[in-house]
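All heavy atoms count here, side chains included; hydrogens, waters and symmetry mates do not. Computed from a prediction, not measured in an experiment: that's the story for all the values here.
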Amino acid sequence: MVSWKNFDELASYKKLEALGDKVDIKTAMAGESGAERVAKYCVPMSNGLVYNFASKKVDDEVLSVLQGLADEAQLTEKYEALYNGEMINTGEKRLVLHQLCRGQLGGDVIADGVNKRDFYAGVQAKAAEFANKVHAGEITNADGEKFTTVVQIGIGGSDLGPRAIYIALENWAKKNNAFKMEAKFISNVDPDDAAAVLASIDVKHSLFVLVSKSGTTLETLTNESFVKDALKNAGLDASRHMVAVTSETSPLAKSSDYLAAFFMDDYIGGRYSSSSAVGGVVLSLAFGPDIFARFLNGAAAEDKLAKNADVFKNPAMMDALIGVYERNFLGYPVTAVLPYSQAMSRFPAHLQQLDMESNGKSVNRFGEPVNYVTGPVIFGEPGTNGQHSFYQLLHQGTNIYPLQFIGFKNNQTERDVVIQGSTSQQKLCANVAAQIMAFACGKDDDNRNKYFAGGRPSSIIVGDKLTPETLGAILAHFENKVMFQGFVWNINSFDQEGVQLGKLLAKKVLAHETDGALKAYSDLLNI
């Protein structure tokens, strides 16, 4: 039986508070002691990945207390309760079932009179069958011509995750003869977004995937109308060019406006939905169902590791606990995510939503205020671009921000060139290694402009190459990290009431039901 307690009610909280900031990372990472830490402080992930935290401000004593925290907070027991179908989303009184889309954890989960494992598997099979028929030319436009482009229309979790995954695998798919259709994404209600995408495609040979769980999302339905208008102006029947990803009860579910409808439910939050039909339809069309299945397998393998009670065998839990230590006891409010892979250029944007929408809470699971800080701010860009942008502040700014690097030994395309004695990939990897040590150890200099204090903690996920499996594993790692941190903080990581107020006020503005400052701002913007 699990017990839900506030973090500061746990004995481990007091122990971590007493430890404080005890590790001098600048000293710990210098010389041979640093090499020993690199070998010692790592946790194997699935699919050949490794989570290395040698450059974090931890030692054996800190890690022992963090293990005690994991045990006391019953993190693996709560994870088991989640994937076995207990009601974990207390805010909305819902189950949390995104792991069921990609693995065989636990038993069958019955909800609303339906076996959810079978339901999700059935939706994936339907999406795979549809994608195969599109690729084979069995589903075509009105002239019997194949579709060559797929465009996803959605926002938030219906856009960020699928878009990040598509960009991450696009070059890999082209190199490995797995590229079926080009994918584009329309998300912003700003008409320039849809207009730019429509100007870049041949609408006659394009298939549009409308994603809205409720079927009422204002931005998404506005963009759908924008697209339908473009199809009409091109003399095309929109119903021959659109499919819907929605709930079975939404107004889109049985509509003749769509070639097909693929269903999702309330038990999978938008930011956790890339494993569901939200990601499955567009990614199966872009790369083929087999590649999407490989991505799911990578995620499933990482989900399985998250069951381990030993933090040295559970990379997501280790990452989560170190993050809690940094946030609550070292006072670090921000974490930078820095993938040294251009393919992962949109991954930090996805993690912004995943982490900040999940754990940006100030009340516990029961709606009571908490007396400690919770989720950090997440931001990032791919390396080496970020080095020439915001690393100045990270190195020499007045605050310390933890860093999460992601790096791969080999590139996706296997194309490279030797310049000045090394390849581009070697230069990329050299920069990762150099940055970790520069942040940790800094540099002494009598010229204070050239002095680097060091002491900036970081971790890195390292793999051989970015593939469908490794990408799925990395996605699941961060999803599970966020989940474990939410368990520690005793908050509900699976609702997002914070996004609702602005939507309600926007509707009032559009209905001209405003007064005071809201009316003044409406007038200022000529609404």
Side-chain angles (χ1 to χ4, degrees), residues 29 37-56 58 161 164-165 167-169 172 274 295 297-306 308 311-323 326 335-352 354-355 376 378-384 386 401-412 425 428-437 439-440 456-485:
M29 289 299 290
R37 284 177 65 92
V38 173
K40 178 180 181 181
Y41 287 155
C42 60
V43 182
M45 297 172 63
S46 63
N47 295 287
L49 295 162
V50 173
Y51 169 67
N52 189 290
F53 57 97
S55 193
K56 288 289 192 179
V58 297
I165 294 164
I167 293 172
L169 294 179
W172 178 91
S274 295
F295 165 79
N297 288 339
E302 206 62 30
D303 286 339
K304 186 176 180 180
L305 284 181
N308 286 299
V311 294
F312 272 94
K313 295 179 181 178
N314 189 330
M317 192 160 71
M318 177 70 86
D319 195 357
L321 291 167
I322 293 173
E326 291 176 330
T335 296
V337 178
L338 309 169
Y340 274 62
S341 165
Q342 186 61 28
M344 297 191 75
S345 60
R346 290 297 293 170
F347 200 71
H350 171 58
L351 290 187
Q352 283 177 349
L354 174 64
D355 201 312
I378 303 293
F379 81 101
E381 282 288 325
T384 56
Y401 302 123
L403 318 158
Q404 288 198 310
F405 292 96
I406 302 171
F408 301 95
K409 300 171 188 175
N410 297 292
N411 62 9
Q412 288 181 314
Q425 185 66 27
L428 179 69
C429 291
N431 273 278
V432 183
Q435 290 295 332
I436 292 173
M437 291 305 296
F439 279 118
R456 269 67 172 165
S458 68
S459 63
I460 184 169
I461 293 174
V462 180
D464 180 64
K465 183 184 292 187
L466 184 59
T467 66
E469 289 85 357
T470 55
L471 182 63
I474 292 170
L475 179 79
H477 172 90
F478 283 102
E479 288 180 349
N480 294 329
K481 172 191 174 180
V482 166
M483 172 194 69
F484 283 131
Q485 289 185 331

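Judged by distance alone, the side chains of Asn411 and Gln342 never bring a donor and an acceptor atom under 3.5 Å apart.
Take Phe408 and apply the ring-ring contact (aromatic ring centres under 6.0 Å, His included) test, not counting sequence neighbours, and it matches no residue. Lys304 is linked by a side chain to side chain donor-acceptor pair (under 3.5 Å) to nothing, counting only residues two or more places apart in sequence or in another chain. Here Thr384 pairs with nothing under the side chain to side chain donor-acceptor pair (under 3.5 Å) rule; sequence neighbours left out. Remark: Tyr401 engages no residue in a ring-ring contact (aromatic ring centres under 6.0 Å, His included) (not counting sequence neighbours). Every ring-ring contact (aromatic ring centres under 6.0 Å, His included) that Tyr51 has, sequence neighbours left out, goes to Phe53, His477.
Annotation: the span from Glu479 atom CD to Asp303 atom CG amounts to 7.5 Å, rounded to 0.5 Å.
Under the 4.5 Å side-chain criterion, counting only non-hydrogen atoms from C-beta, Ser341 is not in contact with Ile406. Within the 4.5 Å cutoff, the side chain of Leu475 has heavy atoms near those of the Phe295 side chain. At least one side-chain heavy atom of Ser458 sits under 4.5 Å from a side-chain heavy atom of Ser55. Contact of the Ile378 side chain with the Pro348 side chain is not registered, since no non-hydrogen atoms from C-beta on lie closer than 4.5 Å. At a threshold of 4.5 Å between non-hydrogen side-chain atoms, the residues Thr335 and Leu403 do not count as touching. Residues Val43 and Met317 are not in side-chain contact: their nearest non-hydrogen atoms beyond the backbone lie 4.5 Å or more apart.
Counting heavy-atom neighbours within 6.0 Å of Arg346 CZ, excluding the residue itself, gives a total of 12 or less.
For the pair Gln412 (side chain) and Leu466 (backbone), a donor-acceptor distance under 3.5 Å is present. With hydrogens and angles disregarded, no donor-acceptor distance shorter than 3.5 Å links the side chain of Asn480 to the backbone of Ala316. Without hydrogens or angle criteria, Thr470 side chain to Lys465 main chain gives a donor-acceptor distance under 3.5 Å. The backbone N or O of Ala440 sits nowhere less than 3.5 Å from a side-chain atom of Arg456 that would complete a donor-acceptor pair. Under a 3.5 Å cut-off, the side chain of Asn308 and the backbone N or O of Asn314 do not form any donor-acceptor pair. Between the side chain of Gln404 and the main chain of Ile460, no donor-acceptor pair closer than 3.5 Å is present. At distances below 3.5 Å, not a single donor-acceptor pair connects side-chain atoms of Asn47 with backbone N or O atoms of Ala473.
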Test side-chain contact (heavy atoms from CB on, under 4.5 Å) applied to Ile167 and Ser345, step by step: CA-CA 8 Å; Ile167 293 172; Ser345 60; 3.9 Å; yes
Stepwise side-chain contact (heavy atoms from CB on, under 4.5 Å) check, Ser459 with Phe405: CA-CA 6 Å; Ser459 63; Phe405 292 96; over 6 Å; no
Gln435/Tyr340 under side-chain contact (heavy atoms from CB on, under 4.5 Å): CA gap, chis, key distance, verdict: CA-CA 11 Å; Gln435 290 295 332; Tyr340 274 62; 3.6 Å; yes
Verdict with supporting geometry, Leu338 and Phe379, side-chain contact (heavy atoms from CB on, under 4.5 Å): CA-CA 9 Å; Leu338 309 169; Phe379 81 101; 5.8 Å; no
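Across all non-hydrogen atoms, the minimal contact from Pro402 to Lys56 is CB-NZ, 3.7 Å. When all heavy atoms of Leu428 and Gly383 are compared, the pair lying nearest together is CD1-O, 3.9 Å. The minimum heavy-atom distance between Leu354 and Val482, with the atom names listed, is O-CG1, 3.9 Å. The two atoms that bring Pro376 and Asp355 nearest to each other are CD-OD1, 3.8 Å, heavy atoms only. Closest non-hydrogen pair, Ala299 versus Ala476, comes out as O-CB, 3.5 Å. Summarising the geometry of Ala39 relative to Cys42, their closest heavy-atom pair is O-SG, 3.6 Å, with the distance given to 0.1 Å.
Under the salt bridge (Lys or Arg N to Asp or Glu O under 4.0 Å) criterion, the residue pairs touching residues 466-478 are Arg294-Glu469, with sequence neighbours excluded.
Between Lys481 and Asp319 a salt bridge is recorded (basic side-chain N to carboxylate O distance below 4.0 Å).
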